[in-house]
Amino acid sequence: MRAAVAAAVHAGELSVAVPESVVVERPKAPPHKDKSKPAPQARGDYATSIALRLAKPAGKSPVEVAEILAARLRSLPDLSEVEVANGFLNLFLAEAALGRVALDVVAAGRSYGTNDAAAGQTVNLEFVSANPTGPIHIGGVRWAAVGDALARLLEASGAKVTREYYFNDHGAQIDRFARSLLAAATGQPAPEDGYGGAYIGEIAQAVLAEVPDALEQDDPQEVFRRVGVQRMFQEIRASLHDFGVDFDVYFHENTLHESGAVQRAVDRLKAAGQMYDKDGALWLRTTEFGDDKDRVVIKSDGEPAYISGDLAYYLDKRERGFDRCIIMLGADHSGYVGRLMAMCAAFGDTPHVNLEVLIGQLVNLLRDGEPLRMSKRAGTVVTLEDLVDAVGVDAGRYALVRSSTDSQIDIDLDLWSRRTSDNPVFYVQYAATRAASVLRHAKDLGIDVPDTADVSLLTHPRESELLLALAEFPRVVATAAELREPHRVARYLEEKVAKAAQRFWDDCHVLPKGDEPVSELAVPRLLLWRATRTVLENGLVLLGVSAPERM
RNA sequence: GCCCCCGUAGCUCAGGGGAUAGAGCGCUACCCUCCGGAGGUAGAAGCGCAGGUUCGAAUCCUGCCGGGGGCACCA
């Protein structure tokens, strides 16, 4: 398409700058939907509004521009028709060209859908990073599902991704945690500012089991801190693993303080003139870079403030060679974005390029239409295990990943635990299962499922619809990765592929009934089922959801 | 008070400036012996309000209304 524009410019037919890219899309409304309404023009397999955009700079009417481009496009063999409508260009694929999609998908197999848009990028993706003071709660679970899917998407786009978990095992909250454990072990009530909940008692018991004389040691609280944190960390790590999420690096905040990394980061910013003393504390001039106020890095009591760990951590990531650091945070941390970006700039980096902060809104779980409220004090925390117990890993991950993180979502546990089509993950998985099932059934009948076939026979509207949907996959993956929006993949699978597959199933029989001979369409259609299975499977894998052979 | 996110069908959510705004559930009416009928078709039903930018706005800008989150020498 862009080549056509360039050619027209070159030939002197259009006097415009050749655009960087030309958007060619599937038409928004399917052509066969119009019935009684007026303006029932068919819209083609693909459409572009490029002529409308170029009309003004070219000094011609949109229709003139469109006609110039159409004349060139009509010479392409893969297009059977090029239509100009209201300045839009509607492109109709030649039937043979469309069928080739199935061959391409089957030939590419597991790699279908990958691209190299992010090739050469070294990405550090930090997500979850829940504090080791309790079980991982539902907010963190959203990031586990979305973050892992995003990592897979970035990898599918050619990036080298390190999944990283920042483990806040330093500071006052850990002291509170340790005091809470100690209190529980000695039968005292939880401290006023401490943590409640049954897990505190369990962890305390586990510490005593591991270090029987913990209470007799010189500093029992230190024992409970060290062993309790370790214990909590293992539990979090195990439950994430059971959720299908594993990290390449579990980074301990403590190491930054012990290794002098914090001091190095501070010295570096001092040398860059970004720090100053005031009221006995050391401040970072974040307002220079758009933050609301400057931030204390070293408190007046000499203790490092929390941000000092972030400074050292960011520097450490950059020194480890990551050119893109992505951090996923919950909405309760949205106030940090400004200072993190300022920090990035203070190091001389480019905010939103070297450092990206993704903010996700909160999640509510509903049961019987009522939100499950949680209270840390009462210990009624909704955890990862609660979600998995209620709906399972696949439904849990899919439910969390199918919506934009910009939106708060309600997850109805009753809906997502249902094994019916109300449940979107079942709809998609069932389509994948059906594809596997048809292929299995064909094999049972002695029909080989081929690597190639006469795909020019695939001309039924349902076949075309499905082929067009399958052809979109690589672009969906690339877009979802680029925008850091994994939900696009889920919606695509659900609304495009699974939908089209069901319709194809309904209207296009594949296997012979009874004693019928095998139709000449059977083999091409089986190939299309293979391609469909491939896309559904590849897509579900990107979301961390299983694509079962049978359900 | 300031900052961030959201407001789309009865409900849960999609919708990167383009043509008639899409799904699922729910509702109405039909259809279906290739797989474990967890399916398909058709219909009713919607962009919070008011301006602005644009040939064109659910989408971009401003203001208001409504919901959520955040504004520490806490972590």
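The structure presented is a predicted model; accordingly, all values stated were derived computationally and were not measured. Within every chain, numbering begins at 1; the chains are lettered A, B, ... in the order of the sequence lines, protein sequences first and strands thereafter.
Mapping A:Glu485 and A:Trp505 onto RNA chain B by nearest heavy atom places A:Glu485 at the nucleotide closer to the 5' end.
Closest to the side chain of A:Asp410, out of B:G69, B:U12, B:U54, is B:U12. Closest approach to the A:Glu495 side chain among B:G40, B:C73, B:A23 is made by B:A23 (side chain taken as heavy atoms from C-beta onward). Considering only side-chain atoms of A:Asp332, the nucleotide from B:G69, B:C34, B:A38 that sits closest is B:G69. Among the nucleotides B:A14, B:G40, B:C73, the one closest to any side-chain atom of A:Val296 is B:C73. Candidate nucleotides B:A23, B:G70, B:C73 were compared by shortest atom distance to the side chain of A:Trp283, and B:C73 ranks first. Checked against B:A14, B:G40, B:G69, the side chain of A:Ser403 finds its nearest nucleotide in B:A14. Of the candidate nucleotides B:C74, B:U41, B:G16, B:U41 has the atom nearest to the side chain of A:Lys499. Taking only side-chain atoms of A:Arg53, from C-beta outward, the nucleotide of B:A14, B:G18, B:C35 with the closest atom is B:G18. Here the side chain of A:Ala172 is nearest to one of B:C6, B:A38, B:C74, namely B:C74. Set against B:G22, B:G40, B:C73, the side chain of A:Asp279 has B:C73 as its closest nucleotide.
Salt-bridge annotation for A:Glu482 and A:Arg488: absent, with no side-chain N of the basic residue lying under 4.0 Å from a carboxylate O of the acidic one. Ionic pairing of A:Lys499 and A:Glu494 is not present here: no N-O contact between side-chain nitrogen and carboxylate oxygen is shorter than 4.0 angstrom. With salt bridges taken as basic N to acidic carboxylate O contacts below 4.0 Å, one links A:Arg225 and A:Glu222. Ion pairing between a basic and an acidic side chain is recognised when a charged N comes within 4.0 Å of a carboxylate O; A:Arg462 and A:Asp507 show such pairing.
For the C1' atoms, the distance linking B:A50 with B:U41 amounts to 42 Å, nearest Å. Taking atom P in both B:C25 and B:G48, one finds a spacing of 24 Å when rounded to whole Å. Rounded to the nearest Å, the gap between the P atom of B:A9 and that of B:A58 is 15 Å. Annotation: B:G10 and B:G1 have their P atoms spaced 32 Å apart (nearest Å). Rounded to the nearest Å, the gap between the C1' atom of B:C34 and that of B:A45 is 36 Å. Using atom C1' as the reference point in both B:G52 and B:U59, the two lie 15 Å apart (nearest Å). For the C1' atom pair drawn from B:C30 and B:A44, the interatomic distance equals 15 Å after rounding to whole Å. Taking atom P in both B:G7 and B:C49, the straight-line distance is 13 Å, to the nearest Å.
A perpendicular orientation is assigned to the rings of A:Tyr165 and A:Phe233, their planes being inclined by more than 60° (bins at 30° and 60°).
Although no hydrogens or angles enter the test, the distance criterion places a donor-acceptor pair under 3.5 Å between the side chain of A:Trp283 and the main chain of A:Lys278. Of the possible polar contacts, none joining the A:Arg339 side chain to the A:Asp291 backbone as a donor-acceptor pair under 3.5 Å is found. Judged by distance alone, the side chain of A:Arg176 and the main-chain N or O of A:Asp193 form a donor-acceptor pair under 3.5 Å.
Contact between the side-chain N/O atoms of A:Ser407 and the OP1/OP2 oxygens of B:G7 is not found at any separation under 4.0 Å. Considering only side-chain N and O atoms, A:Lys299 lies nowhere under 4.0 angstrom from the phosphate OP1 or OP2 of B:A72. Between A:Lys293 and the phosphate of B:C73, there is a side-chain N or O to OP1/OP2 separation shorter than 4.0 Å. OP1 or OP2 of B:G16 lies within a sub-4.0 Å distance of a side-chain N or O belonging to A:Arg488. Side-chain nitrogen and oxygen atoms of A:Tyr427 include at least one within less than 4.0 Å of the OP1 or OP2 phosphate oxygen of B:G40. Under 4.0 angstrom from either OP1 or OP2 of B:C71 there lies no side-chain N or O belonging to A:His333. For A:Arg295, no side-chain nitrogen or oxygen approaches OP1 or OP2 of B:C73 to under 4.0 Å.
Below the 3.5 angstrom threshold, one finds a donor paired with an acceptor across the side chain of A:Thr479 and the base of B:G16. With hydrogens and angles left out, the side chain of A:Ser334 and the base of B:G70 share no donor-acceptor pair within 3.5 Å.
Base contact: A:Ala281 has a heavy atom under 4.0 Å from a base atom.
The distance between the ring centers of A:Tyr313 and A:Phe251 falls below 6.0 angstrom.
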Subject >> Pairing string, 5' to 3', for RNA chain B - Watson-Crick or wobble contacts under 3.5 Å, brackets [ ] where pairs cross, | to another strand >> reply: (((((((..((((....[...)))).(((((.......)))))....(((((..]....))))))))))))....
